[in-house]
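Indexing begins at 1, ligand by ligand and atom by atom, following the structure's order. It should be emphasised that the depicted structure is a prediction, and the values quoted were computed from it without experimental measurement.
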Amino acid sequence: MKYILVSGGVVSGIGKGVIASSTGLLLKMTGLKVTAIKIDPYMNVDAGTMRPTEHGEVYVLNDGGEVDLDLGNYERYLNVTLSRDNNITTGKIYQQVIERERRGDYLGKTVQIVPHVTNAIQDWIERVSKVPVDDTGEEPDVCIVELGGTVGDIESAPFVEAMRQFQFRVGHENFALIHVSLVPDMHGEQKTKPTQTTIHALRGLGLSADLIACRLIIPQPLENATKEKISMFCHVSTEQVVGVHDVSSVYHVPLLLQSQGIVGFLQRRLNLTSIPYTPAMKQRGSDLESRWRALTGDQERLFDRVSIVLVGKYTDLKDSYMSVTKALEHSAFRCHQKLVLQWVESSDLEPQTQETDPGKYHDAWKTIVGARGILVPGGFGQRGTDGMILAIKWAREQKIPFLGICLGFQLAVVEWARHVLNIPGAGSTEFDSELKDDVIIFMPEISRTHMGGTMRLGLRPTVFQPNTDHTKIRRLYAGSGKIWERHRHRYEVNPKFVDRLSESGLDFVGKDEKGERMQILELSDHPFFVGLQAHPEFCTRPLNPSPPFLGFVAASCGVSILEAQIESQLKTFKPPHPEESMVAESELVNGVVEETSITEGRERALKASDGR
Ligand code: GLN
């Protein structure tokens, strides 16, 4: 196993994740099998309880792991399926060490950061790196380990020390380090001092960079003179210094790194050519490279534009919607259109009060009125939901293509109940636990006391109902009777209202295996109006866009494009999940959902709501 550690210095948030995933992709293009581990040095056990505006989107894996959004980059770039163990946090490591201490595993010893915590980190990395992640079902050849934060932080110290030891554990020819640094441009002069400082700090901790990736937050490349200076002051050859300037799209980063010779360097440094390559491996690699080149080349030649409006509540930090943005991008590539994504903060759409800003209200509605497609993504809590409902009403009545994801799906049901069924008080108990017209209710099996890792999480099946063969959404999934998507929610459509909703024309075309839980809706007399309780954005791939997103973007481009994409999906769509993960919901064993309690719990919940 070859390990490539990607660390960062100077500042965080300069694209370490993209550089790490791009390196993995380049090695995959040579035919190797690549996996990835992300280390987040925070105390949270997982990202599940973090506010999206603080740390970006909470990404969800097949096994229900709620993880850092970089795992999404890895899954998409490397076309792999990762598990919750591929995200290491200080919380997880400490939890493990403390559990062992209580069990008596270290009996008689003083338990310390070095060696107990640092050993736990190294053992974890070694164990997880060997787990197969792609459709070959074989052990990977290379593991990319990305260390979050910046070297020198108090939080990351145990991890840096663990990696210092690790280079000796696995041997020099099996461990390389890429350090990502910032090269600021001051009035046209590229400054090297921050890079010198961070490389010195790294060396003081016992790690030396094999490659220094210099981020420039400008469109101009790294100058040769800068490269030479960094080489001289940081004790590396010039071939070990690569520049990563701003490019028109992140999909160009792999080719930018490739053009600077990093593949050849890593092959020599890690003796990668000694790995026994089969002709099949080489073929897979070169197929991947040509498809990637075609994708990035096509992107440059797009002139038709499709403008999509995302109506959300975390729009202050665009990373909160990372996977949604990617799913839209992948779909727009497939439709050969350039995506113009506009953001509307949903509360700006709400009627004027003393506090609201009339300018923002006007601008928000102007954007909605100009949209060719309206998307309402997932979210938590009441703030902004009335604005989302108004946007959904507009999309439904004006026949503008609409996609509702999770909260967006639930609110589409609320909107219908309020305006078609004429139940003005209809809503979700998420916003008012005493609500009488509770069309969206708390799921009976979910914990009311513990917030971490207790939602309905991970890959779960949806069964298309009888007589749904003609629906757009089912055809986008190549007509399959059963599909699998990742979930993350606590609330659901109240079964008590389902008959009234369906009879009035709101078709629930997809349900869970028992037919009890409403999971997909589609309106038939609309160009495209689809809602899903799941989060299909977590399973999109650049070369295999998520079907609901593809349908939505295609419909926003026009009816004929939607029909053409449906035709193509019917012929070629394959789910991106490994066979073994597509199991019945009752076979899921992640300790979150106890199947037996669902029906009992539901009966209790139904009785309780009848009694109100
Ligand atoms: N807040 C809603 C729920 O918990 C929707 C969740 C989401 O959009 N991910 O069910």
Side-chain angles (χ1 to χ4, degrees), residues 46-53 55-61 64-67 69 72 310-315 319-325 327 346-347 375-389 391-392 402-415 426-433 435 438-460 462 485-495 497 508 512 516-521 530-539 546 548-549 592-593 598 601-602 605:
D46 61 37
T49 54
M50 283 197 255
R51 194 184 306 130
T53 44
H55 206 78
E57 156 189 287
V58 177
Y59 189 75
V60 181
L61 297 168
E66 297 172 281
V67 295
L69 57 79
L310 186 152
V311 183
K313 54 187 295 187
Y314 313 121
T315 56
D319 274 3
S320 311
Y321 300 110
M322 175 70 100
S323 297
V324 168
T325 313
S346 52
S347 46
L375 188 147
V376 178
F380 294 84
Q382 180 165 24
R383 182 182 65 81
T385 51
D386 281 335
M388 294 178 192
I389 292 173
I392 296 169
F402 167 78
L403 182 63
I405 302 293
C406 205
L407 179 67
F409 160 83
Q410 295 172 357
L411 294 179
V413 177
V414 171
E415 191 279 319
S428 165
T429 55
E430 182 175 3
F431 319 138
D432 175 1
S433 55
L435 198 70
D438 49 352
V439 290
I440 306 295
I441 51 166
F442 193 78
M443 289 190 286
E445 72 271 28
I446 305 290
S447 167
R448 287 195 184 263
T449 51
H450 282 67
M451 300 299 273
T454 56
M455 286 191 239
R456 181 172 178 248
L457 290 165
L459 199 70
R460 282 155 200 279
T462 295
E485 293 289 2
R486 295 178 183 171
H487 288 70
R488 181 174 189 249
H489 63 126
R490 290 194 177 90
Y491 294 81
E492 64 170 329
V493 177
N494 187 346
F497 283 90
F508 291 106
D512 74 341
E516 292 175 343
R517 192 157 270 163
M518 304 302 114
Q519 302 200 145
I520 305 184
L521 67 81
V530 168
L532 295 99
Q533 182 61 74
H535 287 268
E537 68 273 23
F538 294 137
C539 294
S546 160
F549 282 86
V592 175
V593 176
I598 294 187
R602 184 185 301 280

**OP:** Write out the protein residues near ligand 1, meaning a non-hydrogen atom under 4.0 Å from one of its atoms, in order of chain and number.
**Re:** G378, G379, F380, C406, L407, Q410, E430, R488, H489, R490, Y491, H535
Subject >> Gap between atom CD of Q382 and atom OG of S347 - 0.5 Å precision >> reply: 12.0 Å
**OP:** Give a yes or no on whether the backbone of F538 and the side-chain of Y59 come within a donor-acceptor separation of less than 3.5 Å.
**Re:** yes
Original post:
Is there a donor-acceptor contact under 3.5 Å from the side chain of N494 to the main chain of D438?
Top reply: yes
Original post:
If you measure from the Lys or Arg side-chain nitrogens to the Asp or Glu carboxylate oxygens, is any gap between E445 and R517 under 4.0 Å?
Top reply: yes
**OP:** Kindly write out the residues that satisfy side-chain hydrogen bond (donor to acceptor under 3.5 Å, both in side chains) with T325, not counting sequence neighbours, or none if the list is empty.
**Re:** none
**OP:** Give a yes or no on whether R383 atom CZ has more than 12 heavy-atom contacts from other residues, nucleotides or ligands under 6.0 Å away.
**Re:** yes
